[in-house]
Each structure stands twice: as C-alpha cells, then as structure tokens.
Number of protein chains: 2
Amino acid sequence: MPARKASVSAKDVAARAGVSRAAVSRTFTPGASVSEETRSKVIAAAEALGYQVNHLARGLISQKTGIVAVVGADLATPYRSELLRAVTERLQAVGRVAILINTDRSDRSVDMALQQAIRYRAEAAIVLSGMPDKSISDLCHRNGLRLVLINRDDAHSRSIQIRLNDADAARLALTSFLRAGCRTLALATSNAGTPSLVAREEGFFAEAHRRGLSVTCERFGPTGYESGLALGERLLVLPERPDAIFCTTDLIACGVMDAARHRFSLKIPDDLSVIGFDDIPQASWDSYQLTTFRQPIEEIASSAVDWLAEEDGDGEARVIHLTAPMSWRKSVRGSNGK
Amino acid sequence: MPARKASVSAKDVAARAGVSRAAVSRTFTPGASVSEETRSKVIAAAEALGYQVNHLARGLISQKTGIVAVVGADLATPYRSELLRAVTERLQAVGRVAILINTDRSDRSVDMALQQAIRYRAEAAIVLSGMPDKSISDLCHRNGLRLVLINRDDAHSRSIQIRLNDADAARLALTSFLRAGCRTLALATSNAGTPSLVAREEGFFAEAHRRGLSVTCERFGPTGYESGLALGERLLVLPERPDAIFCTTDLIACGVMDAARHRFSLKIPDDLSVIGFDDIPQASWDSYQLTTFRQPIEEIASSAVDWLAEEDGDGEARVIHLTAPMSWRKSVRGSNGK
DNA sequence: ATTTATTTTGCACACGTGTGCAATGTTCTT
DNA sequence: AAGAACATTGCACACGTGTGCAAAATAAAT
C-alpha cells in the first residue's frame with residue numbers, strides 16, 4: 001500500500017485533465033494565460049478530485065502568504081472580542097486569513113507571539129495589547145513583518161499605530177459631570193497601566209487641575225467587572241461620598257453601578273453619576289443605560305486592514321488618530337439621554 | 001540593488017556559522033543529531049541574524065502544518081468568545097496555531113471556511129456553529145482535514161463531535177420551577193434553530209408533556225439580548241402572565257429580566273422566576289444573579305484539543321458527551337443561591 | 001499562401017525546509 | 001593497536017507551488 005497521500009495536489013489534477021501541471025497552476029492564478037478549453041478541463045478535474053490550492057506552497061514561492069496575525073490579551077472581553085470580530089471580518093474581505101495568538105498581559109508573551117507570527121511568515125501583525133520589545137520590533141522588521149499597533153505608546157519603523165483621543169474624551173467627561181451639577185468627583189480605574197487607561201486618567205486629572213478641582217482616585221485589580229465592584233465599595237464608603245465617578249472602562253463602570261445600587265442603595269443618576277468608556281453592548285442594556293464613549297471599532301478595523309492591504313511594501317511609520325464620540329444615555333444627572 | 005530578501009533563511013545562517021544547511025535544520029528539529037559545538041555555532045548565527053524557522057516550508061515537507069482552523073459565527077458573543085479563548089489557548093499550549101474564520105449563520109459560509117482551511121492545510125477544523133454540507137465534509141476527509149463539531153447534529157467520518165446534555169438540563173430547569181412553586185410556565189427562545197437551542201426547547205416540552213403541563217412558547221429574532229427584551233414584552237403581557245420563564249440562552253434571559261423589571265415593574269424572583277443557559281459572565285453580575293447552566297467551556301476545549309493532539313491519524317468517528325451543571329443563583333423563587 | 005503578431009503550453013528553476021544515505025569522525029571494546 | 005560500534009556531517013532529493021523562457025499553436029495581416 002503506497003502511503004496514502006494526505007491531500008490532492010496540482011500534479012494529480014494535471015494528470016487527470018491531461019495537461020501540464022503549469023496549466024493547473026495558471027488556471028488558479030488570476031491573470032495568467034490559459035485557453036478556455038484547458039481551463040474547463042482543469043476545473044472539471046479539480047472538481048472531481050476535490051483539489052484546493054496549497055496556500056502554504058503558494059506563499060512560499062510568491063512571498064505573499066495572505067496570513068495576518070492578530071495578537072492580544074483578554075480577547076474574551078466585550079470590547080476586545082468585538083474588535084477581534086471586526087478585524088477578522090475585514091481581513092477575510094480582502095482575502096487574508098487571520099491567525100489568532102492569545103497572550104497574557106506580559107510584554108514577554110507578546111514577543112513570543114510575534115516570533116510565532118514570523119515563523120508562519122505572516123505579512124503583518126495587529127497588536128491589540130501589550131508592547132513588543134524594541135529588539136523584537138527590529139526582528140519583525142528584518143523578517144518583513146509589518147506591525148499595526150492599536151492604542152500603544154510609540155511606534156518603530158515599518159509600522160503604523162492607531163490612537164484614540166482618550167485624553168480629550170476624559171476631559172469631556174469631567175465637564176459633563178460639572179454641567180450636570182456634580183461636585184465631588186472621583187475616578188475609578190484598574191492598575192493594569194495600559195496606555196489608553198493611563199491617557200484617560202491623565203486627561204481627567206489635567207482638566208480637573210486646570211479648573212482647580214480635586215479628584216479622588218482609586219485603582220484596583222485587573223480591568224473588569226469585579227474590580228469595578230471593589231472600586232465602587234471603596235469609593236462610596238468615603239466620608240465625602242462622590243456624586244460622580246468616571247470609570248476608565250465600561251466593565252468597571254458596570255461594577256461600580258452595581259455596587260452603588262445593590263450595596264449602597266443609591267439611585268443612578270440621582271445620587272450618583274457615572275461615565276464609562278468603550279460602549280460595550282452591556283452599556284446599552286436597560287439595567288445600565290450607561291453614558292459612555294463609543295470605541296470606533298469599525299473605523300479601527302478598517303484603518304488597520306486598509307493600510308496593510310493597500311500599502312505593498314514601503315510603508316513608513318504612521319499614526320492614525322481616531323475619535324471616540326460620546327454616547328449619551330441615562331447615567332448622568334440631568335441629561336436624560338441628552 | 002539585489003532585491004532585498006523578505007526574510008532570513010537557514011541558508012544564510014549556515015553560511016554565517018560555517019556549516020551546512022542541514023546542520024541548521026537539525027539544530028531546530030527536536031531529536032535530530034547535532035554536536036554541541038555546531039549547535040552552539042548555529043544558535044549564535046541564528047540569534048545574530050534573527051532567524052526564525054519557516055513553518056510554511058516545514059509544514060510543506062513534513063505534512064504537519066501545526067495549523068488548526070476555528071470556524072464559527074457570532075464570535076463576539078460572551079459565550080462564544082470565551083470558548084474561542086479557551087480553544088486557542090489550549091491549541092497554543094500544544095504547539096498549534098489557530099486560524100480564525102468568521103462565518104455568518106449560513107451553512108454555505110461554513111463550507112467556504114472549510115475550503116479555506118484546506119487551502120492552508122490545516123490539520124483540523126473546530127466548528128463552533130453551522131453545519132458543513134455532506135459534500136464538503138467529504139472534501140475535508142479527502143484532504144486530510146479532521147473535523148471537530150461542537151454541538152452539531154450528526155458527524156461524518158474522521159471527525160468527533162462534542163455534545164451537551166441540553167435536554168436533561170432543560171428537564172431539570174422545569175422541575176426546578178415546579179419545586180419553587182411556579183405554576184405558569186413559559187419558554188423563550190430565538191428562532192435561530194440551532195441544534196442546542198432546539199434540544200433545550202424539546203427537553204423542556206418533553207418534561208412538561210410527561211407531567212401533563214402546558215407551556216407557552218415564544219420565539220423571536222436572532223439569539224441575543226434585544227430578542228430577550230422583545231420576548232419578555234410578549235410573554236409578560238399575556239392574560240395568564242407566566243411566573244417562570246426558561247430562556248434557552250443567558251443573553252435572552254438578561255433581556256427578559258430587564259423587560260420584566262424595567263417595563264413591567266416585576267420583582268425577580270418574587271413575581272417571576274428565570275433560568276438561563278450558558279453561564280456567561282453577566283449572569284453572575286449583581287444586577288442579574290441568574291440561575292443558569294454552566295457551559296463546560298474548559299472541558300469542551302480540552303476534549304477537542306486533546307483529541308486532535310493525540311490521535312495522529314486513524315481517529316474514527318466519535319462522540320463525546322459533556323454535562324452542563326446547574327449554577328444556582330437568585331433568579332428562582334425560594335432557592336436563595338440554593 | 002506566406003509572413004507576422006499573438007496566444008497558449010510545457011519545461012525547468014526557485015522558494016525554504018526535513019531527512020535518508022553514505023561518508024567521515026569519534027569513542028569504546030578487547 | 002586495531003577493529004567495532006556509534007555519533008556527526010554533507011549531499012541530494014522531495015514537498016507543492018508560481019513564473020520566465022522558449023517552443024508550439026493559433027490568429028491576423030498582407
């Protein structure tokens with residue numbers, strides 16, 4: 001028994017169709033020269049045999065693998081999973097395929113992920129979280145792997161970054177609180193130290209400082225609902241109980257709201273105003289109706305994918321700025337859905 | 001200028017280390033015979049050049065690509081995204097890499113996804129939703145692509161399926177309602193017609209029929225929170241208002257609960273008991289405290305990945321049954337967290 | 001009916017890797 | 001010290017594909 005072949009190749013199709021293997025290759029290569037007759041013979045044979053072009057071999061020879069790596073942590077989180085969906089959908093739309101690499105929060109694991117991307121000769125890597133080390137960034141450059149950094153600090157060569165106006169949004173959050181008549185401001189965030197979280201935090205503080213206001217700030221745990229609960233319990237027990245809390249993330253905001261309602265019997269927005277960030281699906285649920293800033297998910301995805309689809313090589317470092325518009329709901333006093 | 005090479009190859013490393021290319025290959029192939037001396041020379045050269053083994057070429061020659069395709073729709077949904085995370089994490093742990101293929105709900109798009117998986121010579125495809133056509137299933141078989149079907153109807157050759165005891169769980173939901181003293185039972189589901197949803201529905205009806213009880217059933221829209229809202233509004237307006245609603249999904253349950261509370265001013269569980277399915281993160285949030293059935297996500301993932309990692313070829317059709325244990329919280333009358 | 005222009009086709013090479021085979025170098029046994 | 005057992009190394013082939021090049025076939029022009 002002649003060692004069952006794993007899959008059917010162009011040679012098999014060529015043999016069955018009675019043509020050369022090159023003819024098969026040309027049939028499946030857009031823009032190649034094949035007569036209508038042989039093409040149909042080839043297609044018939046391919047159909048009968050169940051032939052599918054081997055993209056690995058194709059990528060090997062043409063240097064275009066069609067593979068794009070998507071790298072990130074906490075991919076099961078509402079915002080992240082939406083972003084992941086948007087990115088992969090768009091990648092598929094331009095004929096690419098996404099390989100998904102989970103990381104934990106450490107930068108080291110991002111480095112490992114990028115090395116994996118290089119091994120599969122990905123054309124680009126879209127980094128959703130974590131910051132690759134400079135040496136790894138160079139490694140990517142040397143191996144022709146282009147980088148798309150979303151909400152990261154600073155970029156290196158042959159990569160773009162996509163940034164949000166986090167600080168501006170935070171400023172707007174503060175002024176919205178003031179306009180609603182809030183007096184005792186607080187800020188709740190995780191201690192993940194992500195660039196976007198830090199930017200929001202700093203923006204809020206900067207605006208407060210500019211107006212000579214003080215803000216009590218509480219930091220706790222990872223970025224998630226449970227941390228929000230804990231943050232709420234810490235903030236709402238203070239002698240000067242805040243009447244406005246800016247949460248750097250919607251998940252945290254949901255936790256804070258639940259703590260306020262179910263553990264302090266406070267009414268939102270009457271007793272407490274809350275503003276979040278991301279506009280995750282839960283923010284619009286009846287139980288929350290959270291005023292927040294909408295992540296421009298589709299714009300982020302299309303910016304990333306368009307760049308790596310069009311720019312065919314000599315793309316120099318670039319920064320794309322996007323804005324997160326405010327989404328008014330009912331968690332801020334006075335403004336009933338604006 | 002000599003057409004800048006895209007990436008560094010084993011030949012480059014060999015030249016720099018002063019050894020043959022085969023030595024380089026052996027250095028990076030576990031279990032191959034290389035002297036400690038040449039190994040260190042090779043590693044040094046590889047380090048200096050930033051060499052990474054080309055897994056595409058390796059896969060081409062060894063027929064082991066290390067690629068596994070994950071195929072599914074609604075991947076941004078809480079349950080699905082958790083499952084996706086668990087699966088990809090485990091795949092990485094056994095040295096595989098996941099390519100992610102988004103589909104819409106149509107079976108046709110699943111077929112397209114599987115063809116894509118074949119083109120990249122994936123070793124296996126894990127199908128989270130949708131049912132591949134028989135002809136495509138054969139195509140996969142012929143091309144050596146093994147199939148893992150999660151919560152699907154029936155399997156073909158060289159594939160396993162992973163199933164849940166959906167019907168049993170639904171039965172248990174009904175008896176739990178009765179034990180809590182509920183009298184007017186209802187069922188809320190989407191009209192997606194997914195096998196798991198149908199199984200839960202049928203299980204609930206079967207048990208009701210066995211006991212001579214009647215159940216009012218409402219079906220609406222896609223599987224999601226908004227549908228839950230609509231379903232709640234339809235059910236709670238009935239002359240014989242239900243005092244117990246089994247929702248085939250937690251997202252639907254959240255919608256139903258919000259409709260009950262905010263649009264009918266009902267108290268849960270005093271006026272209405274609710275049971276869901278999936279145990280998504282939101283189910284344990286303070287605002288919901290939803291009694292539900294926990295998807296054995298880690299078990300599903302490990303079953304799938306272990307199978308395709310160990311079984312090295314002649315795996316015959318197999319079915320794995322897993323159970324979704326009940327997770328008692330506070331959305332059912334009487335049983336305060338059990 | 002030639003000549004010329006154009007399209008189609010097959011051959012052969014290249015991509016980057018793993019590995020059998022034979023040759024060479026090294027260690028062990030008696 | 002000599003032979004045997006063994007580890008190491010390089011050569012060369014294979015994997016499945018795209019494509020330049022020249023030959024062949026076809027169409028167009030005169």
Side-chain angles (χ1 to χ4, degrees), chain A residues 2-42 45-46 49-67 118-123 143-144, chain B residues 2-42 45-46 49-67 118-123 143-144:
Chain A
R4 183 96 180 79
K5 288 190 50 171
S7 63
V8 28
S9 76
K11 185 158 46 169
D12 305 331
V13 177
R16 170 150 184 154
V19 298
S20 77
R21 191 193 55 76
V24 178
S25 177
R26 283 192 246 265
T27 301
F28 291 100
T29 306
S33 166
V34 216
S35 73
E36 205 47 55
E37 187 190 350
T38 56
R39 149 167 271 126
S40 61
K41 277 197 294 187
V42 167
L49 263 46
Y51 170 71
Q52 298 284 129
V53 178
N54 187 332
H55 271 47
L56 304 186
R58 171 181 281 183
L60 192 57
I61 188 72
S62 69
Q63 310 281 25
K64 298 271 172 194
T65 60
I67 296 178
I118 293 175
R119 289 190 213 106
Y120 280 93
R121 294 303 186 265
E123 299 175 3
N143 283 284
Chain B
R4 183 96 180 78
K5 287 190 52 169
S7 62
V8 29
S9 75
K11 187 157 48 167
D12 305 332
V13 177
R16 170 148 185 157
V19 297
S20 76
R21 192 193 54 75
V24 178
S25 177
R26 284 191 246 263
T27 300
F28 291 101
T29 305
S33 167
V34 215
S35 75
E36 205 47 55
E37 187 190 349
T38 56
R39 150 167 271 127
S40 61
K41 278 197 293 187
V42 167
L49 263 47
Y51 170 70
Q52 298 286 129
V53 178
N54 186 333
H55 272 46
L56 303 187
R58 170 181 282 183
L60 192 57
I61 188 72
S62 68
Q63 310 281 25
K64 298 269 173 196
T65 60
I67 297 178
I118 293 176
R119 288 190 216 108
Y120 280 93
R121 295 303 185 262
E123 299 175 4
N143 283 283

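Each chain gets a letter, A, B and so on, in the order its sequence line appears, and its residues count up from 1.
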In whole angstroms, the gap separating P of D:dG18 from CG of A:Leu56 amounts to 12 Å
Rounded to whole Å, the OH-P distance (B:Tyr51 to C:dG16) equals 10 Å
Here the distance between atom P of D:dT17 and atom CG of A:Asp12, to the nearest Å, is 9 Å
TODO: Before giving the answer on side-chain contact (heavy atoms from CB on, under 4.5 Å), spell out for B:Glu123 and B:Thr65 the whole-Å C-alpha distance, their side-chain angles and the decisive distance to 0.1 Å.
DONE: CA-CA 7 Å; B:Glu123 299 175 4; B:Thr65 60; 3.7 Å; yes
A:Leu60 atom CG is separated from D:dC15 atom P, nearest whole Å, by 14 Å
I'd like a table of atom pairs between the protein and nucleotides 10-14 of chain C - only N or O on both sides, under 3.5 Å - with the distance next to each one.
unit_1, atom_1, unit_2, atom_2, d
C:dG10, OP2, A:Ser20, N, 3.1
C:dG10, OP2, A:Ser20, OG, 2.9
C:dG10, N7, A:Arg26, NH2, 2.8
C:dG10, O6, A:Arg26, NH2, 2.8

Whole-Å distance, B:Asn143 CG to D:dC15 P, equals 16 Å
Check whether any side-chain nitrogen or oxygen of B:Thr38 sits under 4.0 Å from OP1 or OP2 of D:dT9, and answer yes or no.
yes
Hits for side-chain hydrogen bond (donor to acceptor under 3.5 Å, both in side chains) against B:Arg119, two or more places apart or cross-chain, chain-then-number order -> B:Gln116
Bend of the helix from C:dA1-D:dT30 to C:dT30-D:dA1 from end-axis comparison, five pairs per end, nearest 10°, comes to 30°
Closest non-hydrogen contact found for B:Val8 with B:Leu49 is CG1-O, 3.7 Å
Residues pairing under side-chain hydrogen bond (donor to acceptor under 3.5 Å, both in side chains) where one sits in residues 18-36 of chain B, two or more places apart or in two chains, turn out to be B:Ser35-B:Thr38
Between OH of A:Tyr120 and P of C:dC15 the distance, given in whole Å, is 22 Å
Strictly below 4.0 Å: does B:Ser25 bring a side-chain N or O up to OP1 or OP2 of C:dG18?
yes
B:Val42 and B:Val13 have their tightest heavy-atom pair at O-CG1, 3.9 Å
- Query: NA contact type, B:Ser35, heavy-atom cut-off 4.0 Å: base, sugar-phosphate, or nothing?
  - Reply: sugar-phosphate
Sequence neighbours left out, cut at 3.5 Å: what donor-acceptor pairs do the side chains of residues 53-62 of chain A make with other protein atoms?
unit_1, atom_1, unit_2, atom_2, d
A:Asn54, OD1, A:Leu56, N, 2.9
A:Asn54, OD1, A:Ala57, N, 3.2
A:Arg58, NH2, A:Phe28, O, 3.0
A:Ser62, OG, A:Arg58, O, 2.8
A:Ser62, OG, A:Lys64, N, 3.3

Using a heavy-atom cut-off of 4.0 Å across all strands, would you classify B:Val53 as base, sugar-phosphate, or nothing? sugar-phosphate
Comparing B:Ser33 with B:Arg121, nearest DNA chain D nucleotide closer to 5' gives the residue B:Ser33
note: B:Arg119, atom CZ; D:dG18, atom C1'; distance rounded to Å ~ 17 Å
A:His55 atom NE2 is separated from D:dG18 atom C1', nearest whole Å, by 13 Å
Of D:dT9, C:dG16, D:dT17, the nucleotide closest to the side chain of B:Asn54 is C:dG16
Scanning both residues in full, the closest heavy-atom pair of A:Arg16 with A:Ala45 reads CG-CB, 3.8 Å
task: Would you classify A:Thr29 as touching base, sugar-phosphate or nothing, given that sugar-phosphate means primed atoms plus P, OP1 and OP2, and contacts are heavy atoms under 4.0 Å?
output: sugar-phosphate
